[in-house]
Each structure stands twice: as structure tokens, then as C-alpha cells.
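A quick write-up on the structure given underneath.
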Amino acid sequence: MNFRRYNLMVMIFVCSVLGLILGVNSLALRLGKPDPDNTFLLSQLHKAENVGAIDVLFVGDSSLGNAIDAGVWDQTTHTRSINLALTGSYGLSGSLYMINKVLEKRQPKRIYIVQTADIWEREQNLSMNDALKAASRAQSFWFRLADDMTIKGTLRSMRYLSGFFSGQIDRQNIFHKDFVRQATKIDWRDDPEEFRADGMKVAGISENNFKYAQEIVRLCDARQIDCQFAYGPLLDSICSKSTTYFAQVNQKLEKLGAKLVMSQPICLPYEQMGDTNDHIAPESKEAITLEYVRLLHGQNLGEHWKQ
């Protein structure tokens, strides 16, 4: 009898906990808990599929997305541009995918491929087709609910609900200044690996992304588009210890026939960095966009490009 009662109490407790987890996650989703990664990917794809007439296309990763505001670029250069930066998870395969998407409808006069410096160390990129399928599935309420039924997912839901009911979050907008909103600024005491005290090493260079770089070069040559490769910004303490690495990457790109317009990243102090070592702080984005205008734009584009 006592054993049955014990089992019943355990079952009631387990069902109550599961019910609470289900309720918390369901409520968070109903109240607009965002899904930044998938929402962002689908948003960039929508921009690519519905692009208007443009002069300049920017592709790359989040170092680009956090550094260049297309609106500021256009106002300064009197050109029409679009920034289709993804994240470093997709590498140059993602950049190539977005270029092809745009070329299905438009022929930009110039394409800037702006990647973070350590992209050339990365071994594997996410498959864009697989990522897009997953992102589409993730728009389903039930798919997201099942995905959130973990301790980590439930804690995220609880933090979202706390912010929602206290009025501390903007649930409608995951975007800020032409890219996805950043997290909290990095602190070397919390994440010393972000500061990579030894810099980037030649031994760490992988061939993985160079094959996609070569495909981009061939595509641009075939379509007679001026494609230029550049670096995203980087924390200056890493820059200063990575000069040999940059030289080796540059040499490899030049052998592929890639047109390089920067020999190294724009190297910036900690005070101007945001939530990672290659993300500009949002308040510095306009100034860094203007610096990229100076470095990339030069006298090669102008009002005469507008038709």
C-alpha cells in the first residue's frame, strides 16, 4: 500500500514538473519568444530573393554584419547596396550561396566578400540547404516547443517571460542597425579565449574555405563582376600577433586569383568591440562603416553608377 502511494506521488510530481515546463515554454512562445538564429537566416534569404536594383552586394559573416550599415554606406557613396551577411557558421559556402541567390535576379556591379579573419581556420561549414530546411521547420510552434523542452530551453523561456512582464525587452525586434541584435559586450575576465593571447597561427589554416573562395572567383569571372575580398574587423591585441597568418592567407587567396583590397583586418581596441572579438560595438558601427567606405570605396564608385 505504501509502495503504491509512493509511486503515485512520484508520478504526480513528475507530471507536475512536466506540466510546469510545458506551460512555461508554451506561454513564452505564445508571447513572442524570438528565435533569432532561424528568423535571421530566413530574413536574409527573403532579402536576397526580393532584392531590387543594386550596385553593391555585401556577403560574409557576422563580422561584416556588425561592421557595415548598408544605409550609411549608400548615403555616403551615393550607391545602392544590400548587406546579406550571415554568420561564421556558414563560412564561404554561405557567402557563395547568397551570391548565387542574388544573381538569379540581379547583376550587381561589385561584390564585397567580407569574412572574419579566423574563417580560414575553420574546418566545416553548415550546409545551407540543411540549415534552411531546419529554419523552416523551426517556424512551427510544436517544433519549437519540442526543442525547448530541456532545462536550457526552459531557463531561456523563464528569462524571456521575466523580461516580458517587467517590460525590459523588445519582443518584436531582433534586428538592430541592419543586422541581428548583439548580446552583452565581451569581458576578458568571463571569456579569456575570446582574446586569443597567442594570435592566429599559420599551422591552423584549413583548406576548407579556400575551395569556396575559388568558386566565388570563378563565378565572378564568368559573370564579369568586380568581386573583392576583405577582412572583417578584429580586436587589436589579436591583430598584432597574427601578421604572419594574414600574409599566408593573402598569399593563398592571390594564388586563386582573388582580388584582395585589405591585407589585414581593421584592428580596433577593446573599447570599440561588442559581444565577440570580431563584432563592432553597435555604437561604433556608423564610424566603422565610414572607415570601410574609405578603404573599399575609394574613387571606384560614385553617383554615375545610379541608373
Side-chain angles (χ1 to χ4, degrees), residues 44 47-48 51 53-86 88 92 94-96 98-99 102-103 106-120 177-179 209 212-213 216-217 219-221 223-236 239 242 246-247 249-254 256-268 272-273 278-282 284-306:
Q44 293 297 76
K47 284 167 63 176
V51 63
I54 55 170
D55 303 312
V56 177
L57 167 62
F58 291 98
V59 296
D61 50 44
S62 56
S63 67
L64 160 66
N66 285 287
I68 295 181
D69 186 319
V72 174
W73 178 280
D74 291 352
Q75 291 171 12
T76 308
T77 63
H78 306 290
T79 58
R80 299 162 297 188
S81 69
I82 186 170
N83 189 336
L84 295 179
L86 297 176
L92 271 85
S95 298
L96 175 62
M98 298 306 274
I99 291 172
V102 170
L103 293 184
R106 301 292 176 184
Q107 175 90 356
K109 296 177 176 66
R110 177 170 296 167
I111 299 175
Y112 289 112
I113 303 96
V114 185
Q115 306 284 166
T116 189
D118 75 354
I119 202 71
W120 309 106
K177 294 188 177 182
D178 199 34
F179 199 63
N209 275 294
Y212 294 109
I216 291 173
V217 170
L219 176 61
C220 293
D221 287 345
R223 295 292 293 262
Q224 297 184 322
I225 301 172
D226 181 17
C227 293
Q228 303 186 6
F229 286 76
Y231 288 98
L234 188 63
L235 186 68
D236 58 4
C239 271
S242 305
F246 300 141
V249 168
N250 297 344
Q251 185 179 48
K252 284 179 170 289
L253 286 171
E254 287 167 353
L256 298 178
K259 185 176 181 180
L260 281 167
V261 287
M262 296 172 65
S263 61
Q264 68 172 43
I266 296 176
C267 304
L268 296 165
Q272 286 187 273
M273 305 311 291
D278 59 1
H279 288 178
I280 295 300
S284 297
K285 188 169 186 177
E286 182 173 347
I288 300 305
T289 299
L290 295 176
E291 180 63 11
Y292 271 102
V293 168
R294 185 186 71 79
L295 289 170
L296 305 182
H297 177 79
Q299 302 300 315
N300 298 316
L301 302 178
E303 290 191 31
H304 65 280
W305 270 36
K306 286 207 171 185

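Bear in mind the structure is a predicted one, so any value in this text is a computation, not a measurement.
- Nearest approach of Met98 to Leu86, heavy atoms of both residues: CG-CD1, 3.8 Å.
- Across all non-hydrogen atoms, the minimal contact from Leu84 to Ala48 is CD1-CB, 3.7 Å.
- The structure places OH of Tyr212 at 8.5 Å from CG of Leu96, a figure rounded to the nearest 0.5 Å.
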Where do Leu290 and Val72 land on the side chain to side chain contact (heavy atoms under 4.5 Å, CB included) test, with the steps shown first? CA-CA 8 Å; Leu290 295 176; Val72 174; 4.0 Å; yes
Can you list the steps and then say if Phe246 with Met262 is a side chain to side chain contact (heavy atoms under 4.5 Å, CB included)? CA-CA 10 Å; Phe246 300 141; Met262 296 172 65; over 6 Å; no
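- What you find for Leu64 and Gly60 is that their closest heavy atoms are CD2-N, 3.7 Å.
- Here the closest non-hydrogen pair linking Ala85 and Gln44 is O-NE2, 2.8 Å.
- Put simply, the side chain of Gln115 never gets that close to the backbone of Trp120: no donor and acceptor are under 3.5 Å apart.
- Looking at heavy atoms from C-beta onward, Leu256 lies out of side-chain contact with Phe229 at the 4.5 angstrom threshold.
- Scanning both residues, Gln75 and His78, for their nearest heavy atoms gives O-CE1, 3.8 Å.
- The shortest distance between side-chain heavy atoms of Asp226 and Lys259 falls below 4.5 Å.
- Side-chain atoms of Phe179 and Ser62, non-hydrogen and from C-beta on, do get closer than 4.5 Å to each other.
- Arg106 places a side-chain N or O within 3.5 Å of a backbone atom of Val51 that can act as its donor or acceptor partner.
- Atom CZ of Phe58 is separated from atom CD1 of Ile113 by 11.0 Å, given to the nearest 0.5 angstrom.
- The line from CD of Glu291 to CG of Leu296 is 9.5 Å long, rounded to the nearest 0.5 Å.
- Put simply, the side chain of Pro108 reaches to within 4.5 Å of the side chain of Leu103, judged on heavy atoms.
- Not a single side-chain hydrogen bond (donor to acceptor under 3.5 Å, both in side chains) links Glu286 to another residue, sequence neighbours left out.
- Counting heavy atoms from C-beta on, the side chains of Val56 and Arg80 never come closer than 4.5 Å.
- Atom CD1 of Ile216 and atom SG of Cys227 lie 8.0 Å apart (nearest 0.5 Å).
- Partners of Ser63 by side-chain hydrogen bond (donor to acceptor under 3.5 Å, both in side chains), not counting sequence neighbours, listed by chain and number: Asp61.
- Scanning both residues, Ser81 and Ile54, for their nearest heavy atoms gives C-CG2, 4.4 Å.
- Of the inter-residue distances, the one linking Asn66 atom CG with Ile288 atom CD1 reads 11.5 Å to the nearest 0.5 angstrom.
- Side-chain atoms of Tyr231 and Asn250 form a donor-acceptor pair, as typed in the model, at a separation below 3.5 Å.
- You'll find the side chain of Leu268 stays beyond 4.5 Å of the side chain of Asp236, heavy atoms only.
- Asn83 meets the side-chain hydrogen bond (donor to acceptor under 3.5 Å, both in side chains) test with no other residue; sequence neighbours excluded.
- A donor-acceptor pair is defined here as one N or O able to donate and one able to accept, closer than 3.5 Å; such a pair exists between the side chain of Asn209 and the backbone of Ile119.
- To the nearest 0.5 Å, the span separating NZ on Lys109 from CG on Asp55 amounts to 5.0 Å.
- Taking the six-membered ring where the residue is Trp, Tyr112 and Trp73 present perpendicular rings, their angle passing 60° and hence far from 30°.
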